[in-house]
Amino acid sequence: MNLEQSNPLVTVYIPTFNRVELLKRAVDSVRKQTYKNLEIIIVDDCSKDGTHEYLEEISKQDSRIQYFIKEKNSGACISRNIAIENAKGKFITGLDDDDYFMNNRIEEFVKNWDDKFKCIFSNLLLKKTENTFRSNYRLAMKDIVRGEDLLKANFIGNQIFTKSNYLKEIQGFDSKMQVWQDLECWYRVLGKDGLGKRVKKELYVVDMSHPHERISHNKGEKVLNTYLYFIEKHSLSIRQSEDLKTHMIPYKGIKLPYSTFIRKFMNYKTLGTFNLLIKNSLRVFWSK
C-alpha cells in the first residue's frame, strides 16, 4: 500500500491492569510512531495504581487516545474485545501494556499490507535485561502462515495487523480460553484458507526484564482444559490434536508421551526443540 496514496486510520488497542509505569512506556511508543493517523484505545481492568488518573491526563494531551474503565476485573480477552468493538480504524493491531513498539512499526505494516492476506505480523525483539535484546526469529519459522500451521507452533506470536472487520466478524478473543488466547484468535482469523505474512523486521519489543510476571508455566490444569476445549470448539482431527498437544510442552505439571517431543521436533526443528527431545529421551532411558 502506497502511503502517499492512502492514509487509513489504524486502531491500536492496549489492555492494561496495575502496571501504570509500563503502560506509560507502551503508550509513548504508539504516540511516537512515524505513522500518525492512529486511534489508541486503552481498556483498564480495574487498576488500583494510578492508571485512571494517567488515562484521564494523557487523553487530554492526545486527542487520538480514548479509554474505557471496566466496572469489574474480567481479564485481558474482554478488555481487548471492548476495544475491538469500539474500533473505528480500517486496520487494527494490539500492544500489551508491558511491551512497546519500534517507532516505524505501523508505517511498515501499512506499507506492506496486501489484500490477499488476512493478517501480517513481524519479528520480535526479546528484552532479556535492561541492555540485552535478541531476535525471536529462527530458521524454522514460516514467513507465510496458514491456520493449520498454528497447531504445530505459534509462528505469528502475540500480535497481528489486520482489518478491523476481520476481528469484529469473529467476535474477537474467546474469554473461555484460559491460555493460548492469541493463538486461538489468529487460528480463527486465518480460517481454512487464509494466509498470514511475516514482515522480516523486528518491530515489536517483548519485555521479559521487568519484575511483573508475564506467563506462568505452572498452569497444568488450565492448559489441559484449554487443550480439550480447543479440540472440541474446532472439531480437530486426531492428527491436528496431536500437533496442538506439542504446545503443552513448556508447562510444568503435565506428563506428555515421548511421541509428543518427537512431533514437536519434527514440526519445529530448532536447537531448543532438539534439546527438549534429547532431555526427554534421557529421562525415558534412565527411568527404565
Side-chain angles (χ1 to χ4, degrees), residues 1-15 25-42 62-66 80 83-84 86-97 99-127 133-139 141-147 149-150 154-170 172 182-183 185-191 193-207:
M1 182 180 292
N2 191 325
L3 281 178
E4 295 180 356
Q5 298 175 349
S6 179
N7 188 43
L9 180 65
V10 176
T11 299
V12 179
Y13 60 84
I14 308 175
R25 181 184 64 181
V27 173
D28 283 346
S29 77
V30 183
R31 295 180 69 199
K32 293 176 182 177
Q33 288 293 296
T34 55
Y35 189 86
K36 301 301 182 183
N37 193 19
L38 301 173
E39 171 189 55
I40 306 168
I41 302 180
I42 305 164
D62 193 331
S63 61
R64 298 176 300 175
I65 296 174
Q66 63 172 307
R80 293 178 183 124
I84 291 167
N86 287 277
K88 297 181 178 66
K90 177 178 180 180
F91 294 99
I92 191 168
T93 191
L95 172 60
D96 290 342
D97 62 357
D99 298 334
Y100 55 96
F101 287 171
M102 302 301 281
N103 66 359
N104 60 333
R105 178 172 173 84
I106 303 300
E107 180 179 351
E108 288 292 334
F109 279 154
V110 173
K111 288 195 299 187
N112 280 278
W113 180 261
D114 187 322
D115 280 338
K116 71 180 180 181
F117 295 102
K118 295 298 290 289
C119 70
I120 56 179
F121 54 97
S122 77
N123 296 338
L124 309 173
L125 279 177
L126 305 177
K127 184 178 181 180
F133 298 80
R134 69 172 177 83
S135 174
N136 76 318
Y137 186 73
R138 300 290 182 270
L139 291 176
M141 299 176 83
K142 294 179 177 291
D143 295 329
I144 303 297
V145 177
R146 299 178 183 275
D149 296 324
L150 295 179
N154 189 352
F155 295 103
I156 290 178
N158 67 334
Q159 305 293 347
I160 61 171
F161 180 90
T162 188
K163 289 186 176 180
S164 295
N165 66 295
Y166 289 165
L167 280 182
K168 291 181 179 183
E169 286 169 0
I170 65 167
D182 298 331
L183 175 75
C185 187
W186 313 157
Y187 184 75
R188 285 185 287 120
V189 167
L190 293 179
D193 303 313
L195 298 174
K197 182 182 75 169
R198 180 184 305 278
V199 175
K200 297 181 184 180
K201 295 182 180 181
E202 284 78 20
L203 302 174
Y204 186 102
V205 179
V206 174
D207 189 354

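Computed from a predicted structure; not experimentally measured. If you read the sequence from its start, that first residue is 1, and numbering goes on from there.
Applying the side-chain hydrogen bond (donor to acceptor under 3.5 Å, both in side chains) criterion to Glu202, with sequence neighbours excluded, gives Ser135. Take Thr162 and apply the side-chain hydrogen bond (donor to acceptor under 3.5 Å, both in side chains) test, not counting sequence neighbours, and it matches no residue. Every salt bridge (charged side-chain N to carboxylate O under 4.0 Å, His left out) that Lys127 has, sequence neighbours left out, goes to Glu130. Listed by chain and number, the residues in a ring-ring contact (aromatic ring centres under 6.0 Å, His included) with Phe117 amount to none (sequence neighbours excluded). In this structure, the side chain to side chain contact (heavy atoms under 4.5 Å, CB included) partners of Glu169, at least two apart in sequence or on a different chain, are Asn165, Tyr166. Under the salt bridge (charged side-chain N to carboxylate O under 4.0 Å, His left out) criterion, Arg146 pairs with no residue, sequence neighbours left out.
Under the 4.5 Å side-chain criterion, counting only non-hydrogen atoms from C-beta, Ile40 is in contact with Arg31. Taking the side chain as every heavy atom from C-beta outward, Thr93 and Arg105 approach each other to under 4.5 Å. Counting heavy atoms from C-beta on, the side chains of Arg80 and Asp182 come closer than 4.5 Å. Taking 4.5 Å as the limit, every side-chain heavy atom of Ile160 sits out of range of all side-chain heavy atoms of Lys118. With a 4.5 Å cut-off on side-chain heavy atoms, Trp113 and Phe91 count as touching. Put simply, the side chain of Phe155 does not reach to within 4.5 Å of the side chain of Asp143, judged on heavy atoms. Side-chain atoms of Phe109 and Ser122, non-hydrogen and from C-beta on, do get closer than 4.5 Å to each other. The shortest side-chain heavy-atom distance between Phe101 and Val12 falls under the 4.5 Å cut-off.
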Full working for side chain to side chain contact (heavy atoms under 4.5 Å, CB included) between Val145 and Phe121: CA-CA 10 Å; Val145 177; Phe121 54 97; 3.6 Å; yes
Test side chain to side chain contact (heavy atoms under 4.5 Å, CB included) applied to Lys163 and Asp115, step by step: CA-CA 9 Å; Lys163 289 186 176 180; Asp115 280 338; 3.2 Å; yes
Residue pair Ile156, Cys119: steps toward the side chain to side chain contact (heavy atoms under 4.5 Å, CB included) verdict: CA-CA 10 Å; Ile156 290 178; Cys119 70; 4.2 Å; yes
Full working for side chain to side chain contact (heavy atoms under 4.5 Å, CB included) between Leu9 and Lys90: CA-CA 6 Å; Leu9 180 65; Lys90 177 178 180 180; 5.7 Å; no
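Side chain of Arg64 to backbone of Lys36: a donor-acceptor contact under 3.5 angstrom is found. One N or O on the side chain of Lys197 and one on the backbone of Asn112 form a donor-acceptor pair closer than 3.5 Å. No side-chain donor-acceptor contact under 3.5 Å links Arg188 to the backbone of Gly147. Listed for the Trp186 side chain is a donor-acceptor partner under 3.5 Å among the backbone atoms of Gly157.
Counted by atom type alone, Asp207 and Tyr100 present zero donor-acceptor pairs between their side chains at under 3.5 Å. Using modelled atom types and a 3.5 Å distance limit, the side chains of Asp96 and Asn158 yield a donor-acceptor pair. Side chain to side chain, Gln33 and Glu107 fail the donor-acceptor criterion of an N or O pair below 3.5 Å. For the residue pair Thr11 and Glu39, a side-chain donor N or O sits within less than 3.5 Å of a side-chain acceptor on the partner.
Here the CG atom belonging to Leu195 is positioned 13.0 Å from the CD1 atom belonging to Ile120, to the nearest 0.5 angstrom. Interatomic distance, CG of Asn37 versus CD1 of Ile106, reported as 11.0 Å (0.5 Å rounding). Asp99 contributes atom CG, which lies 9.5 Å from atom CG of Leu126 (distance to the nearest 0.5 angstrom). Rounding to the nearest 0.5 angstrom, the gap separating the CD1 atom in Ile84 from the CD1 atom in Ile170 is 7.5 Å. Here the CD1-CD1 distance, from Ile65 to Ile41, works out to 11.5 Å after rounding to the nearest 0.5 Å.
Looking at every heavy atom in both residues, Ala87 comes nearest to Ile92 through CB-CD1, 3.9 Å. In this structure, Leu167 and Val189 approach most closely via the heavy-atom pair CD2-CG2, 3.8 Å. A pairwise comparison of heavy atoms in Gly89 and Ser164 identifies O-OG, 2.7 Å as the closest pair. Summarising the geometry of Leu95 relative to Ser29, their closest heavy-atom pair is CD2-OG, 4.0 Å, with the distance given to 0.1 Å.
The side-chain contact (heavy atoms from CB on, under 4.5 Å) test with Asp97 is passed by exactly one of Val27, Ile14, Ile42: Ile14.
Residue-environment remark: CE (Met141) exceeds the threshold of 12 foreign heavy atoms within 6.0 Å. No more than 12 heavy-atom neighbours from other residues, nucleotides or ligands sit within 6.0 angstrom of NZ on Lys142. The environment of Lys168 atom NZ is dense: over 12 non-hydrogen atoms of other residues, nucleotides or ligands sit within 6.0 angstrom. In the displayed structure, Asp193 atom CG is contacted under 6.0 Å by at most 12 heavy atoms of other residues, nucleotides or ligands.
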